[in-house]
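Below: the structure, in structure tokens.
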Amino acid sequence: MFKTDYAPLARPAILPDSDNRSGLPAFASVGDVLRAYEGDDAIFVLYPKKIAAAARTFLNGFPGKVLYAVKANPHPAVIKTLWTTGVRNFDVASTREVELVQSIAPSAKLFFMHPVKSRAAIRHAYAAGVRDFSFDSAEELQKMLEETGYANDLCLHLRVALPKGNAAMPLSGKFGADREAAVDLLQAARPHSMQLGVTFHVGSQCLDVEDYDRALRYVRSVLGDADVAIDSVDCGGGFPVAYPDMKPAPMGDYFSAIRKALDANGFAGLQVLGEPGRALCAQGGSTLARVEARKGRDLYLNDGSYGSLFDAAQCAWKFPVKLYRSAPRPDAGKADFRFFGPTCDSLDVMEGPFDLPADVQEGDWIEVCHLGAYGQALASRFNGFYSETTVAVMA
Ligand SMILES: *Cc1c(COP(=O)(O)O)cnc(C)c1O
């Protein structure tokens, strides 16, 4: 799935750094990366130490098992870094994600938490040892039973749809059983489940700690209606990152709100799961994009909305930016800029505004930060512009 072609790096300065277990060529700083780079494309940077630190925050603080939601960034270096830091569980959604994680961490425990799976994907996952699956309809339950030969060792997780919360990116509306269906599905699935659980997703980049409490209270009330005992509660993802203009509460507040709600709703003795994606890797990745042209306050870069800047374009998120000048120049104060990506599509624009030194010019590099989640993972090859170079910076 990933090319590991580092040819554009003239000096792949692999540091003797024992913290670099990512498998990537490692550099001490972004400056070192740029000095070694001879390619013509943008460069994806991963910061394994930041990813490991985010993982430790969850492993030490989240009141349950931590499942990494692989879709946030499936780069093998991210999976390796999380695995070596102690993340043992992974939330996968496709056959390729199953194969990817197993190729890197064969003893990882996988949870196939996509509520709509192909029959082939179910067969493949079950044969590969996966026992945990989610579902949100009677048809999907039936499909899983048929494709596993009515296995008696399934751990089934009912995805419930939540009333609307306060996430920057709501995820309700696509998946999840409503209350009435959830009651029927819990009763229908119980006899077929070695373990039965409920799972939900409050929406990505959830900015209200109380959403998790509301979700867990809702689950309790659905279980009351169903009169069915469960073995597992999965709090999903949604844990936020401090992007500019967004000030989420500290992660510890989320953990203690969840711990309190688990106790208050009688879930404390069950298996508890959480599926952070964004919060584990967003701050551990950035993109180095070169300025190909400047027209006034418009900068034309070699990465854009069809590369790793999708959310900067579609959601107008203002990611933090940092300038690396191609040659030393005196500081000229700051100015607001708009970015254009390299493709010929006029949707390839990131309005920002992005606050940079006013003297930006062609040949300079801009580091766009916090793109480790849903940034690098979304990059396409549209119009022939893409990055094949991912490096580690050990900062
Ligand atoms: C995307 C996804 C996640 C991760 O969500 P984040 O908001 O990145 O934490 C977790 N669980 C499921 C089922 C998902 O689809």
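Counting starts at 1 for both ligands and their atoms, in listed order. Side-chain atoms are counted along with the backbone in the values below, which use heavy atoms only and exclude waters and symmetry mates.
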Name each donor-acceptor pair under 3.5 Å that joins a side chain in residues 181-193 to protein atoms two or more places apart or in another chain, with its distance.
from : atom 1 : to   : atom 2 : distance (Å)
Q187 : NE2    : A226 : O      : 2.9
R190 : NH1    : A229 : O      : 2.7
R190 : NH1    : D231 : OD2    : 3.2
R190 : NH2    : S193 : O      : 3.4
R190 : NH2    : D231 : OD2    : 3.1
S193 : OG     : A189 : O      : 2.7

(message) Starting from I122, can I reach F175 by hopping between I/L/V/M/F/W/Y residues whose side chains sit under 4.5 Å apart?
(response) no
Under 3.5 Å: N or O atoms of ligand 1 paired with protein N or O:
from     : atom 1 : to   : atom 2 : distance (Å)
ligand 1 : 5 (O)  : H201 : NE2    : 2.9
ligand 1 : 7 (O)  : S204 : OG     : 2.5
ligand 1 : 7 (O)  : G238 : N      : 3.0
ligand 1 : 8 (O)  : R278 : N      : 2.8
ligand 1 : 8 (O)  : Y374 : OH     : 2.6
ligand 1 : 9 (O)  : G238 : N      : 2.9
ligand 1 : 9 (O)  : G277 : N      : 2.9
ligand 1 : 11 (N) : D91  : OD2    : 3.1
ligand 1 : 11 (N) : E275 : OE1    : 2.5
ligand 1 : 15 (O) : K71  : NZ     : 2.8

(request) Would you please name every residue forming a side chain to side chain contact (heavy atoms under 4.5 Å, CB included) with F310, sequence neighbours left out? (result) Q314, L378
(request) With sequence neighbours left out, write down each residue that passes salt bridge (Lys or Arg N to Asp or Glu O under 4.0 Å) with D263, or none if nothing qualifies. (result) none
(message) Whether R278 engages the ring of Y374 as a cation-pi pair (distance to the six-membered ring centre under 6.0 angstrom, angle to the ring normal within 45°) should be assessed.
(response)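 Output no; distance or angle outside limits.
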(message) Taking the cut-offs as 6.0 angstrom to the six-membered ring centre and 45 degrees off its axis, would you call K50 and Y47 a cation-pi pair?
(response) yes
